[in-house]
Amino acid sequence: MLDIKLIRTDPDAVKAAIARRGESTSAIDEVIGLDTRMRAIGTERDDIRAEVKQISKQVGALHKEGRADEASELQATSRELGDKEKALSDEADELHVQIRSLLLRVSNMPSPDAPDGLTEDDNVELRVEGFDPASYAPHQRVPHWDIGDELGILDVDRAVRMSGSMFAMYRGAGARLLRALINYGLDRNRDAFEEVRPPTVVKTETMIGTGHLPKFADDAYHLERDDLWAIPTAEVPLTSMVAGEILDEGDLPLRLMAHTSCYRREAGSAGKDTRGLLRVHEFDKVELYAFCTPDQAEAMHTEILERAEGAIRDLGLAHRVLDLACGDISGAGARTYDIEVYAPGAERWLEVSSVSWCTDYQARRANIRFRPAEGKGTEFVHSLNGSGLAVPRVWAAIVETGRQADGSIRLPEALHPYLGGMTEIPAAG
RNA sequence: GGAGACGUGGCCGAGCCAGGUUGAAGGCGCUUCCCUGCUAAGGAAGUAACGUCGCAAGGCGUUCGUGGGUUCAAAUCCCACCGUCUCCGCCA
């Protein structure tokens, strides 16, 4: 959520920032109008409330002295004031609700450093590593869904039979590889990040905190009977962990990581890029997360990016890093780096991590503050997140990249300790 | 799921059953100061967040789980919801 005070004092700057995303700014204007009215009404209401309080004290005193008849006159006055107060109060509350619901749908302001542009074509490629299109042998040009069938390590057909399209099932060495990736993803960040295993089904309020609701309700699975939501990413419960709390500056940065399943309806994406593991409704992911002070944020953003990229690099996968253009940054982010791996069999770049700096946008929604060591009062924290390891697409890239001439899969050295010494998945036969 | 008890400030804990000057006693913790060779002990003062108005000092308002209601006035009375605990039931 944006800062209403900033909207009041510098509406043009806010609108200019929002416009960089290609988003309409009409909600901002609407908010300004409603806010002006709400404050005028609020002041009037507060004055009346103060008067009622004064009168009530007098009434109390009069009753004590046994002068009830004098009190009844004051009571009548106060009753009238009370009616007025109620009307004003209702109006102010109504305005407040309107303002909040408008504000909840406005995205974060992109950082001034984020590249201009509205589509993914405007993203800036920061670096490419380990990628040489000419280097791939024909046996590496087999898509993972075919490899999965051939080796019995990925069973999409049966998964679809039990759950519908865009679900997958890992089997045998494939399932073990998945588990290895998760442990690898967690262990390499254990030096600085606390491991958390949060609930994966959460309340509406929790989804609002990160910005996934109300705007993106269609993208999430909703358990209607209990009004609970299946999380699309561990970012949701991790943000909520300290919702409503005031942290000590000494506790910052607070680094957390979590492995969870993630659930996404992927509304509107049926049919495109959905084969195999390219896009699935349920997947495993290790998420890296941090709360910090505004001063620490930039360094933290770099740290998470480096950790996420390091995990990919150490698996020996070709990848590139993109600095997302304003229009391609998700709602809560101010600046986002994407990491994409190259899958030679599927012949495309696959997004495996989105490292976002959300400034105080989520903190404001979830009401997470810190008490500065120097000075007084409280300040909103900054929140940052990024996938430390998103399983399906990394799994796909490993299997395609590692495929050898005989059809066996060479497994990255970094994973060997997590595979009980297994160094390759044998060819079919 | 059934029955009961409970939900107060950073923490503990009064107040609620007899509604009134209670942002809320007392204690702990914390901060500053005094005393002291140092430490301990002791003494004094201070110690919430948010909104709004104001250059500021400060004023006003909101918040005693959450939301409604009764009343001139609600931490205190009534209702609903959420949560915690105990007992029963069920269960990996």
Side-chain angles (χ1 to χ4, degrees), chain A residues 1-9 31-104 197-209 223-229 237 240-252 254 261 291 360 363-381:
Chain A
M1 200 155 57
L2 299 181
D3 183 2
I4 183 78
K5 285 179 191 161
L6 183 63
I7 293 176
R8 290 208 284 253
T9 55
V31 164
I32 293 169
L34 294 173
D35 177 61
T36 307
R37 267 178 61 209
M38 186 187 75
R39 278 183 300 150
I41 291 168
T43 305
E44 202 181 332
R45 177 203 55 198
D46 285 355
D47 289 348
I48 292 177
R49 279 217 263 243
E51 205 176 329
V52 168
K53 277 177 91 163
Q54 285 308 313
I55 291 175
S56 291
K57 279 182 191 176
Q58 290 175 35
V59 170
L62 287 172
H63 273 295
K64 219 170 244 179
E65 295 167 25
R67 292 151 67 188
D69 45 327
E70 291 175 52
S72 66
E73 211 173 300
L74 284 174
Q75 284 175 17
T77 315
S78 186
R79 203 168 335 185
E80 263 173 57
L81 286 171
D83 291 343
K84 228 158 121 191
E85 189 269 352
K86 177 96 173 85
L88 289 169
S89 190
D90 287 349
E91 201 179 338
D93 289 349
E94 172 57 26
L95 287 168
H96 183 77
V97 167
Q98 283 181 37
I99 290 168
R100 186 171 161 85
S101 71
L102 281 168
L103 240 31
L104 283 179
R197 181 32 256 228
T200 52
V201 170
V202 300
K203 295 188 205 171
T204 297
E205 196 185 317
T206 306
M207 291 281 281
I208 288 176
L223 286 69
E224 294 188 6
R225 182 165 163 161
D226 298 295
D227 193 21
L228 292 169
W229 301 79
S240 259
M241 259 181 71
V242 292
E245 295 188 25
I246 300 174
L247 308 170
D248 286 329
E249 182 170 359
D251 294 335
L252 301 176
L254 179 59
S261 290
F291 294 107
D360 60 2
R364 218 176 271 288
R365 293 170 82 108
N367 195 23
I368 305 166
R369 292 163 290 168
F370 74 98
R371 209 181 293 283
E374 303 291 325
K376 56 179 177 179
T378 59
E379 234 179 289
F380 286 106
V381 301

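This is a predicted model, so every value here is computed, not measured. Residue numbers begin at 1 in each chain, while the letters A, B, ... track the order of the sequences.
- There is a side-chain donor-acceptor pair under 3.5 Å between A/Glu94 and A/Gln98.
- Legend: residues meeting side chain to side chain contact (heavy atoms under 4.5 Å, CB included) with A/Ser89, ordered by chain and number and at least two apart, are A/Arg45, A/Arg49, A/Glu85, A/Asp93.
- To the nearest whole angstrom, the two C1' atoms, one in B/rC91 and one in B/rA18, are 48 Å apart.
- When the P atom is compared between B/rC38 and B/rU21, the two are found 47 Å apart, to the nearest whole Å.
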Using the side-chain contact (heavy atoms from CB on, under 4.5 Å) rule, take A/Met1 and A/Leu104 through it: C-alpha gap first, then chi angles, then the decisive distance, then the call. CA-CA 6 Å; A/Met1 200 155 57; A/Leu104 283 179; 4.0 Å; yes
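- Contacts of A/Arg369 with the nucleic acid, taken as non-hydrogen atoms under 4.0 Å apart, involve only primed sugar atoms and P, OP1 or OP2.
- First and last contacts of RNA chain B with chain A, using any nucleotide atom under 4.0 Å from a protein heavy atom and ordered 5' to 3', fall at B/rG20 to B/rA73.
- Residues A/Leu228 and A/Lys203 are in side-chain contact: their nearest non-hydrogen atoms beyond the backbone lie under 4.5 Å apart.
- Mapping A/Ala61 and A/Gln54 onto RNA chain B by nearest heavy atom places A/Ala61 at the nucleotide closer to the 5' end.
- B/rG46 and B/rG58 have their P atoms separated by 14 Å, with the value rounded to a whole Å.
- Within a heavy-atom distance below 4.0 Å of RNA chain B, the residues of residues 76-95 of chain A found are A/Ser78, A/Arg79, A/Lys86.
- Going from the C1' atom of B/rU8 to that of B/rG65 covers 10 Å, rounded to whole Å.
- Between A/Asp248 atom CG and A/Leu254 atom CG the span is 11.5 Å, to the nearest 0.5 Å.
- Across every non-hydrogen atom of A/Pro199 and A/Pro237, the tightest pair is O-CG, 3.7 Å.
- Scanning RNA chain B for stems, defined as runs of 3 or more consecutive Watson-Crick or G-U wobble pairs whose donor-acceptor distances all fall under 3.5 Å, gives the following ranges: B:1-7 with B:82-88, B:10-12 with B:26-28, B:29-34 with B:42-47, B:48-53 with B:58-63, B:65-69 with B:77-81.
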Set out, in order, the CA-CA distance, both residues' side-chain angles and the distance that settles side-chain contact (heavy atoms from CB on, under 4.5 Å) for A/Ile7 and A/Leu103, then state yes or no. CA-CA 10 Å; A/Ile7 293 176; A/Leu103 240 31; 3.8 Å; yes
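- A gap of 29 Å separates the P atoms of B/rA24 and B/rC34, to the nearest Å.
- Taking the side chain as every heavy atom from C-beta outward, A/Pro372 and A/Glu379 approach each other to under 4.5 Å.
- Rounded to a whole angstrom, the distance from the P atom of B/rC17 to that of B/rA74 is 15 Å.
- Taking the P atoms as reference points, B/rC12 lies 23 Å from B/rA5, given to the whole Å.
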Sequence neighbours left out, cut at 3.5 Å: what donor-acceptor pairs do the side chains of residues 33-43 of chain A make with other protein atoms?
from    : atom 1 : to      : atom 2 : distance (Å)
A/Asp35 : OD1    : A/Arg8  : NH1    : 3.1
A/Asp35 : OD2    : A/Arg8  : NH1    : 3.0
A/Asp35 : OD2    : A/Arg39 : NE     : 3.4
A/Thr36 : OG1    : A/Ile32 : O      : 2.8
A/Thr43 : OG1    : A/Arg39 : O      : 2.9

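- The side chain to side chain contact (heavy atoms under 4.5 Å, CB included) test applied to A/Glu70 returns A/Leu62, A/Arg67, not counting sequence neighbours.
- RNA chain B is contacted by both A/Glu379 and A/Asp46; A/Glu379 maps to the nucleotide lying nearer its 5′ end (nearest heavy atom per residue).
- Taking atom P on both nucleotides, B/rC72 is separated from B/rC30 by 48 Å, rounded to a whole Å.
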